[in-house]
Amino acid sequence: MTMPWLTVLWLLPAVASGVVMFLPADRAAQVKTTGVGASLIVLVWAVIVAFRFDSGGDRFQLVEDTSWIPEFGARYSLALDGLGLALILLTAALTPLLLIAGWRDADGVDASRADGVDASRADGSSGGKSVHIYVALLLAVEAMVLMSFVATDVLLFYIFFEAMLVPMYFLIGGFGPTGPGVRPARSRAAVTFLLYNLLGGLVMLAAVIGLYVVAGDFDFIAISSGVADGSLDMSATTQNLLFGGFVFAFAVKAPLWPLHTWLPNAAVSTTPAAAVMMMAVMDKVGTFAMLRFCVGLFPDASSTFAPLLCTLAVVSIVYGAVMAIGQRDVMRLIAYTSISHFGFIVLGVFALTAQGQSGSALYMVNHGVSTAALFLIAGFLVSRRGSSLIADYGGVQKIAPVLAGTFLVAGLATLSLPGLGPFISEFLVLIGAFTRYPVAGIIASIALVLSAVYILWTYQRMMGGPVRESSSPITDLGVREKVVVVPLIAALVVLGFYPRLILDFVNPTVDISVSTVHGGDR
């Protein structure tokens, strides 16, 4: 019997999510250890899967296929390509770091309160099973994201694409900053997140049903092959309508301007670890799906709407950077930088060139690492001072040099400094954009200057200058925090000097993607 490598991959965190809920309520430390241990096992399994993947072989490997709902022709179909593998490794590597970074995030939260009010027992221990719920929710998101990267049945993908909203909703609404007026804001952010993404999902559901009516199947591999060789006859109008349904849902998830407004509030309303899980991991499902489903299933529509989507991507790039410059809250600033970076990813996808899509795929990984580093380090700083306002800091580099130094490296990666991971991915995206849409490439390049402004100015205000009296109690990174930060900084350096670690996986997928699009070049 063949080992179900991909089923085990997503079931491991799913099962661990259920297991931690059954641990005794007074075993918070055991719950955290179990969560980290399970996520490390997932990482090891993902690495083994990576070694079994042949980058020079077939596009889809480790295929699992069995009947699921025969009445509809839906199947439990999983397969792995290079792009999916790169994002699986990102997800599996980040999850244990996020669990360690959020080691104390759920302590003191009374999970028995449905409204998410924070409370603590008199002895300082956490009430209810809040830690259990927090760890379980993070593992549940990981499981659903991993499934999304390997599902090749469109209906199966859709189910998990929507299902991951549920644990993330509770992470946003139930855990995060405390204080007067915070809980209602957190609830509003969670509801806004859910409504935006559910709307996108409902539009996508109509498109999924329409695709089944046209193709008579949910099998992505079969449908994309039929589209590529011309055996599946799909009129231009039909293809455009179906493409619109899919890309709308993915643009909400990505998020792409003007469908981005849910992200900043959601990011600052939850814990830093959960926010990174959302921005660096879950939102990648949207850009991944643009490349796989939108371009793979609807190549003619992708060419038709590419100018519009590249325009929206450029607006996202510049808008996100300008809004970041104007922020007074460091966590909200970083959230807006993600909107700008997602614009680069979308621009690379719909430039419809090999360089652009390779850069986009690499950017998905590099953005995940750089955003995780910057947001978590900022979170460590905020947890010390109790404020996320930039004006409340000053001179931190003199009293916490490791914290300030790692913040600077992560910030320089965000502005795509040569030698750090995001540089080569942004460079490839811009080359791909210049090839087909030079005006878009020129305008997008402006963000390079804007990103330098918001990062360096933020660093100067928070870390430079004399030590503020309010900053004096701040301590440097502890051992647990260094365990989180050091691998992220190391990954940024390694990917900056050796991007082939990812490009060797994703380039064959990109070549196939580009070859299916009319007017695309290899």
Drop me the distance from [X]'s [atom1] to [Y]'s [atom2], to the nearest 0.5 angstrom.
X      : Y      : atom1 : atom2 : answer
Thr458 : Ile325 : OG1   : CD1   : 9.0 Å
Ile345 : Met290 : CD1   : CE    : 9.5 Å
Arg59  : Asp511 : CZ    : CG    : 11.0 Å
Ile159 : Trp68  : CD1   : CH2   : 3.0 Å
Ile223 : Tyr212 : CD1   : OH    : 10.5 Å

Within the side chain of [X], is there an N or O that forms a donor-acceptor pair under 3.5 Å with the backbone of [Y]?
X      : Y      : result
Ser224 : Ile221 : yes
Ser451 : Leu448 : yes
Thr152 : Ser77  : yes
Ser316 : Leu312 : yes
Asp329 : Met331 : yes
Ser425 : Ala361 : no
Gln61  : Ala79  : no
Asp81  : Gly84  : yes
Thr414 : Ala410 : yes
Ser360 : Gln357 : no

Assess whether side-chain contact (heavy atoms from CB on, under 4.5 Å) is satisfied between Leu376 and Val485, documenting all intermediate values. CA-CA 8 Å; Leu376 291 177; Val485 172; 5.8 Å; no
Heavy atoms only: give me the nearest [X]-[Y] pair and the separation to one decimal.
X      : Y      : value
Gly82  : Thr509 : N-OG1, 3.3 Å
Ser148 : Met164 : OG-CE, 3.1 Å
Leu430 : Gly441 : CD2-O, 3.9 Å
Ala275 : Ala267 : CB-O, 3.4 Å
Ala151 : Leu78  : CA-CD2, 4.0 Å
Ala444 : Ile317 : CB-CD1, 3.9 Å

Which is it for Phe218 and Val208 under the side-chain contact (heavy atoms from CB on, under 4.5 Å) test, yes or no, and what are the steps along the way? CA-CA 8 Å; Phe218 289 114; Val208 169; 3.7 Å; yes
Which side-chain N or O atoms in residues 243-261 pair as donor and acceptor under 3.5 Å with protein atoms at least two apart or in another chain?
from   : atom 1 : to     : atom 2 : distance (Å)
Lys253 : NZ     : Phe161 : O      : 3.1
His260 : NE2    : Tyr319 : OH     : 3.2
Thr261 : OG1    : Tyr196 : OH     : 2.6

State, yes or no, whether a side-chain contact exists between [X] and [Y] at a heavy-atom distance under 4.5 Å.
X      : Y      : answer
Leu495 : Ile502 : yes
Thr287 : Lys284 : yes
Val268 : Ser388 : no
Leu171 : Met278 : no
Asp283 : Phe342 : yes

Tyr134 vs Thr271, test: side-chain hydrogen bond (donor to acceptor under 3.5 Å, both in side chains). Steps then yes/no. CA-CA 10 Å; Tyr134 184 71; Thr271 67; 2.7 Å; yes
Can we call the ring centroids of Phe149 and Trp10 under 6.0 Å apart? no
Does the gap between the ring centers of Phe157 and Phe220 come in under 6.0 Å? no
Check the angle between the aromatic planes of Trp5 and Trp45 and answer parallel, tilted or perpendicular using the 30° and 60° thresholds. tilted
Hey, can you tell me if His367 and His341 have their rings parallel, tilted or perpendicular (30° and 60° cut-offs)?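 Ring orientation, 0 to 90° scale: perpendicular.
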Passes side-chain hydrogen bond (donor to acceptor under 3.5 Å, both in side chains), Gln327 versus Tyr336? Steps please. CA-CA 9 Å; Gln327 298 305 307; Tyr336 274 106; 4.8 Å; no
Evaluate the criterion side-chain contact (heavy atoms from CB on, under 4.5 Å) for residue pair Ser513 and Leu291; output intermediate values, then yes/no. CA-CA 8 Å; Ser513 172; Leu291 189 53; 3.7 Å; yes
Under the criterion side-chain hydrogen bond (donor to acceptor under 3.5 Å, both in side chains), I'd like the reasoning laid out for Thr435 against Gln355: C-alpha separation, chi angles, the key distance, then a yes or no. CA-CA 9 Å; Thr435 302; Gln355 299 99 325; 4.8 Å; no
For the pair Asp153 and Arg75, evaluate salt bridge (Lys or Arg N to Asp or Glu O under 4.0 Å) and give the outcome as yes or no after the intermediate values. CA-CA 6 Å; Asp153 182 278; Arg75 303 186 65 81; over 6 Å; no
Going through the distances and angles, do Met277 and Thr95 end up as a side-chain contact (heavy atoms from CB on, under 4.5 Å)? CA-CA 8 Å; Met277 178 64 84; Thr95 303; 3.8 Å; yes
Identified ring-ring contact (aromatic ring centres under 6.0 Å, His included) counterpart of Phe193 within the set Trp262, Phe170, Tyr169: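 Only match with Phe193 under ring-ring contact (aromatic ring centres under 6.0 Å, His included): Trp262.
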Between the side chains of [X] and [Y], is a donor N or O closer than 3.5 angstrom to an acceptor N or O?
X      : Y      : value
Thr7   : Glu64  : yes
Ser235 : Thr238 : yes
Ser55  : Asp504 : no

Only one of Leu194, Val141, Thr270 forms a side-chain contact (heavy atoms from CB on, under 4.5 Å) with Met168, so which one is it? Val141
Taking everything shown except Tyr76 itself, do over 12 heavy atoms lie less than 6.0 Å from its OH? yes
